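Keep in mind that what you see is a predicted model, and the values were worked out from it rather than measured.
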Amino acid sequence: MQEIVLIYGIVINIAAFLLYGVDKKRARKRQWRISEKTLLGAAAMGGSLGAFFGMYCFRHKTKHWRFRLLLPLFLLLHTGIIIWIFWM
C-alpha cells in the first residue's frame, strides 16, 4: 500500500505543478484558462506540495486569498496523512 501511495503522491504533485504552469502560460497569452476549482481540486486530492511550489515558482494565484489559505492547509493535512500512513 505504501508504494501505491508514494506513486500516487508523485504523480498528483507533478500534475498539480504542471497545471499551475500551464494556467499561468495561458493567462499571459489571454487564452482559455484552467478553472480555479480544478487547480484547488488537484491540490485537495493530494497535490498540495506541487500546487504550492507551482503557485510560487510561476507566481500564479499568489494574490488570491483562497489559494494562500487553502494550499498551506491542504499541505498540513496531507503531511499528517503521510506521517500516519508511513509511520503508524
Side-chain angles (χ1 to χ4, degrees):
M1 171 152 154
Q2 291 176 343
E3 295 84 15
I4 294 170
V5 171
L6 183 62
I7 292 168
Y8 175 79
I10 291 168
V11 170
I12 192 69
N13 278 287
I14 290 170
F17 181 82
L18 293 175
L19 281 172
Y20 279 74
V22 167
D23 192 48
K24 179 66 177 194
K25 186 176 182 179
R26 289 179 178 177
R28 286 182 178 154
K29 292 183 175 184
R30 300 192 185 277
Q31 294 177 338
W32 172 84
R33 304 278 304 279
I34 297 170
S35 71
E36 290 186 358
K37 184 178 178 181
T38 300
L39 294 172
L40 287 172
M45 292 176 58
S48 56
L49 185 61
F52 187 80
F53 280 126
M55 184 171 81
Y56 286 102
C57 180
F58 301 113
R59 295 183 182 183
H60 192 50
K61 303 290 185 186
T62 56
K63 294 182 181 179
H64 295 267
W65 70 268
R66 279 188 209 106
F67 289 85
R68 289 193 348 222
L69 175 69
L70 291 176
L71 290 184
L73 288 176
F74 290 152
L75 188 54
L76 284 173
L77 174 67
H78 296 145
T79 302
I81 291 170
I82 292 298
I83 290 170
W84 183 73
I85 289 173
F86 284 89
W87 287 281
M88 295 294 170

Exercise for the section: Return each pair, listed once, that meets side chain to side chain donor-acceptor pair (under 3.5 Å) where at least one residue sits in residues 79-88; pairs must be two or more places apart or across chains. Expected result: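 Matches after skipping sequence neighbours: none remain.
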
Problem - side chain to side chain donor-acceptor pair (under 3.5 Å) partners of residues 47-60, not counting sequence neighbours, each pair once - result: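 Qualifying pairs, neighbours excluded: D23-H60, S48-H78.
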
Problem - Partners meeting side-chain hydrogen bond (donor to acceptor under 3.5 Å, both in side chains) with T62 (sequence neighbours left out) - result: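 In terms of side-chain hydrogen bond (donor to acceptor under 3.5 Å, both in side chains), with neighbours along the sequence ignored, T62 is linked to no residue.
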
Handout entry: Spacing of I10 atom CD1 and L49 atom CG [to the nearest 0.5 Å]
Key =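 Separation between the atoms: 11.0 Å.
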
Problem - Approximate separation, where rounding is to 0.5 Å, of L39 CG and R33 CZ - result: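 L39 atom CG to R33 atom CZ measures 8.5 Å (nearest 0.5 Å).
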
Transitively linked via ILVMFWY side-chain contacts under 4.5 Å: [X] with [Y]?
{"X": "I85", "Y": "L76", "result": "no"}
{"X": "F53", "Y": "V11", "result": "no"}
{"X": "L19", "Y": "M45", "result": "no"}
{"X": "I14", "Y": "V22", "result": "yes"}
{"X": "V5", "Y": "I81", "result": "yes"}

Exercise for the section: Determine whether more than 12 heavy atoms belonging to other residues, nucleotides or ligands lie under 6.0 Å from atom CZ of R66. Expected result: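 Incorrect, the count does not exceed 12.
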
Problem - Matching residue for L73 among L71, L69, L75, L77 - test: side-chain contact (heavy atoms from CB on, under 4.5 Å) - result: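 So the option named by the test is L69.
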
Handout entry: Results of salt bridge (charged side-chain N to carboxylate O under 4.0 Å, His left out) for R68 - residues two or more places apart only
Key =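 Listed in chain order: nothing, the list is empty.
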
Problem - Residues in salt bridge (charged side-chain N to carboxylate O under 4.0 Å, His left out) contact with K24, at least two apart in sequence or another chain - result: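 Counting only residues at least two positions away or on another chain, K24 forms no salt bridge (charged side-chain N to carboxylate O under 4.0 Å, His left out).
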
Practice task
Grab the two heavy atoms, one from K61 and one from F67, that are nearest each other, plus how far apart they are.
Solution key: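 It is O-CB, 3.6 Å.
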
Problem - Least distance between heavy atoms, A42 atom then A16 atom - result: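 Closest heavy-atom pair between A42 and A16: CB-CB, 4.1 Å.
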
Exercise for the section: Any ring-ring contact (aromatic ring centres under 6.0 Å, His included) involving residues 10-48? Give me the pairs, sequence neighbours left out, ordered by first then second residue. Expected result: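 Pairs touching residues 10-48 that pass the test: F17-F58.
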
